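Here, residue 1 is the first one in the sequence, and each next residue gets the next number. For clarity, every value in this text was computed on a predicted model and none was experimentally measured.
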Amino acid sequence: MLSRMRVSCLAVLVIGSVAMAGCSNAEAPGASGELSLGPFEQVSSPEQVNRPIDAYVLTADRSVELVDAERRLISSCLSRLDPAFVATAWSAPGDEQMRAYFRSLVSDDVLRSDLWGFFDPSQALISGYERADAGPAVLDMPMPPASEQDVTACIGEARDRLPGAAGAIGLVGLNALPDGGPPVPVTDSRFAAVVSEWSACMRASGYDYPGPLDAIAALASRGDADRQASIAVASNDVRCKIETNLVGIGLAVQSAYDQEYIDRHRDALDRRQAAIEAFLRAAASSR
């Protein structure tokens, strides 16, 4: 994703415009070797973006639940190793703060996609490419008040119950899926064709960008120096995406690659889901 959200080093260590909506009857032909696409939807709002892979991506609420569960298991382990350990002395961000953080991470897969770039029509008119209502940029969870040896052992014990080696936080987002998640089909001929249409639309408004990610990068390099320029470019960016249906076509292309990825990784994805459920059950029994 294009997100610049991050978790503090300590946290990683510890825890780890309006358009008609409808469907086109056209089936986009692909170049030789490309995946077949079915009918695609006319997308004019982020709420219309639903991908096959969504079933395997942790929601913000599920992410909070997982982090809380990991903390409980670590605390239980520390209490076993050191009777003097007091779990309530281990400070942590509240659930709402964590939920805001994870909500920003998850929404970035739509609002700041690695495929179609920025797509937040209402926000574009207010703050351009800037984040107006993002969660905290850093999720800071301090080390528990216990010996380094015990903390290391208990983190390891909790993480042994989870897929991967980065703990609960390491399971959040598309990149945390097996083999890094579905590929981003930026070179697919159907998507490349609509990007050309989008670029022509932008040029007609006085902006020369080869692709949607270039628009964000160009404005980001200027920082907050010209807010009105950001609003102007972002507004035209989104308008051109809706007029050309770049997100609708991009979504159809990405969904095809999602499904192929799921078919190839179904066993690994199912094992991941099962491990997460078992982890949550284990944490619930440790209360």
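Applying the ring pair (Phe, Tyr, Trp, His ring centres under 6.0 Å) rule to pairs touching residues 156-208 yields nothing, sequence neighbours excluded. The list of ring pair (Phe, Tyr, Trp, His ring centres under 6.0 Å) pairs with a residue in residues 152-190, not counting sequence neighbours, is empty.
A salt bridge links Glu157 with Arg80: the distance from a Lys NZ or Arg NE/NH1/NH2 to an Asp or Glu carboxylate oxygen falls below 4.0 Å.
No donor-acceptor pair under 3.5 Å is formed between the side chain of Glu197 and the backbone N or O of Cys240.
Taking the salt bridge (Lys or Arg N to Asp or Glu O under 4.0 Å) definition, one finds that Arg62 meets it with Glu65, Glu277, sequence neighbours left out. The side chain to side chain donor-acceptor pair (under 3.5 Å) test applied to Asp258 returns Arg51, Gln254, not counting sequence neighbours. With sequence neighbours excluded, the residues forming a salt bridge (Lys or Arg N to Asp or Glu O under 4.0 Å) with Asp263 are Arg266, listed by chain and number.
Hydrophobic clustering of Ile, Leu, Val, Met, Phe, Trp and Tyr side chains at less than 4.5 Å, counting indirect connections, keeps Leu81 apart from Val86. No continuous path of ILVMFWY side-chain contacts below 4.5 Å connects Ile231 to Ile126, so the two sit in separate hydrophobic clusters. Under a hydrophobic-cluster definition in which Ile, Leu, Val, Met, Phe, Trp and Tyr are linked whenever side-chain heavy atoms come within less than 4.5 Å, directly or via other members, Leu105 and Leu162 are assigned to the same cluster. A continuous path of hydrophobic side-chain contacts links Phe102 to Phe279 [ILVMFWY only; heavy atoms under 4.5 Å]. Cluster membership check: Phe40 shares its hydrophobic cluster with Trp116, using side-chain heavy-atom separations under 4.5 Å among Ile, Leu, Val, Met, Phe, Trp and Tyr.
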Derivation and outcome, side chain to side chain donor-acceptor pair (under 3.5 Å), residues Ser63 and Arg99: CA-CA 8 Å; Ser63 300; Arg99 191 168 286 107; over 6 Å; no

Please walk me through it: do Arg203 and Ser199 pass side chain to side chain donor-acceptor pair (under 3.5 Å)? CA-CA 6 Å; Arg203 282 197 302 274; Ser199 185; 3.1 Å; yes

Evaluate the side chain to side chain donor-acceptor pair (under 3.5 Å) criterion for residues Ser189 and Glu34: first the C-alpha distance (whole Å), next the side-chain angles of each, then the deciding distance (0.1 Å), finally the verdict. CA-CA 8 Å; Ser189 66; Glu34 291 184 331; 2.6 Å; yes

Residues Leu58, Ile276; criterion side chain to side chain contact (heavy atoms under 4.5 Å, CB included); working and verdict: CA-CA 10 Å; Leu58 293 175; Ile276 289 172; 4.2 Å; yes

Tyr209 vs Asp237, test: side chain to side chain donor-acceptor pair (under 3.5 Å). Steps then yes/no. CA-CA 10 Å; Tyr209 299 113; Asp237 177 1; over 6 Å; no

Side-chain donor-acceptor pairs under 3.5 Å in residues 146-154, sequence neighbours left out?
unit_1: Ser147; atom_1: OG; unit_2: Asp150; atom_2: N; d: 3.1
unit_1: Ser147; atom_1: OG; unit_2: Asp150; atom_2: OD2; d: 3.3
unit_1: Thr152; atom_1: OG1; unit_2: Glu148; atom_2: O; d: 2.8

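When all heavy atoms are compared, the tightest approach of Ile249 to Arg190 is CG2-O, 4.0 Å. Closest of all the heavy-atom pairs between Leu246 and Val194 is CA-CG2, 3.7 Å. Nearest heavy-atom pair, Leu213 versus Gly117, reported as atom, atom and distance to 0.1 Å: CD2-CA, 3.5 Å. Closest approach of Ala283 to Arg72, counting heavy atoms only: O-NE, 3.5 Å. Counting all heavy atoms, side chain and backbone alike, Arg103 lies closest to Ala60 at N-CB, 3.6 Å. Pairing each heavy atom of Glu260 with each of Leu35, the nearest pair is OE2-CD2, 3.6 Å.
Looking only at atom types and distance, the side chain of Asp179 has no donor-acceptor partner in the side chain of Tyr261 under 3.5 Å away.
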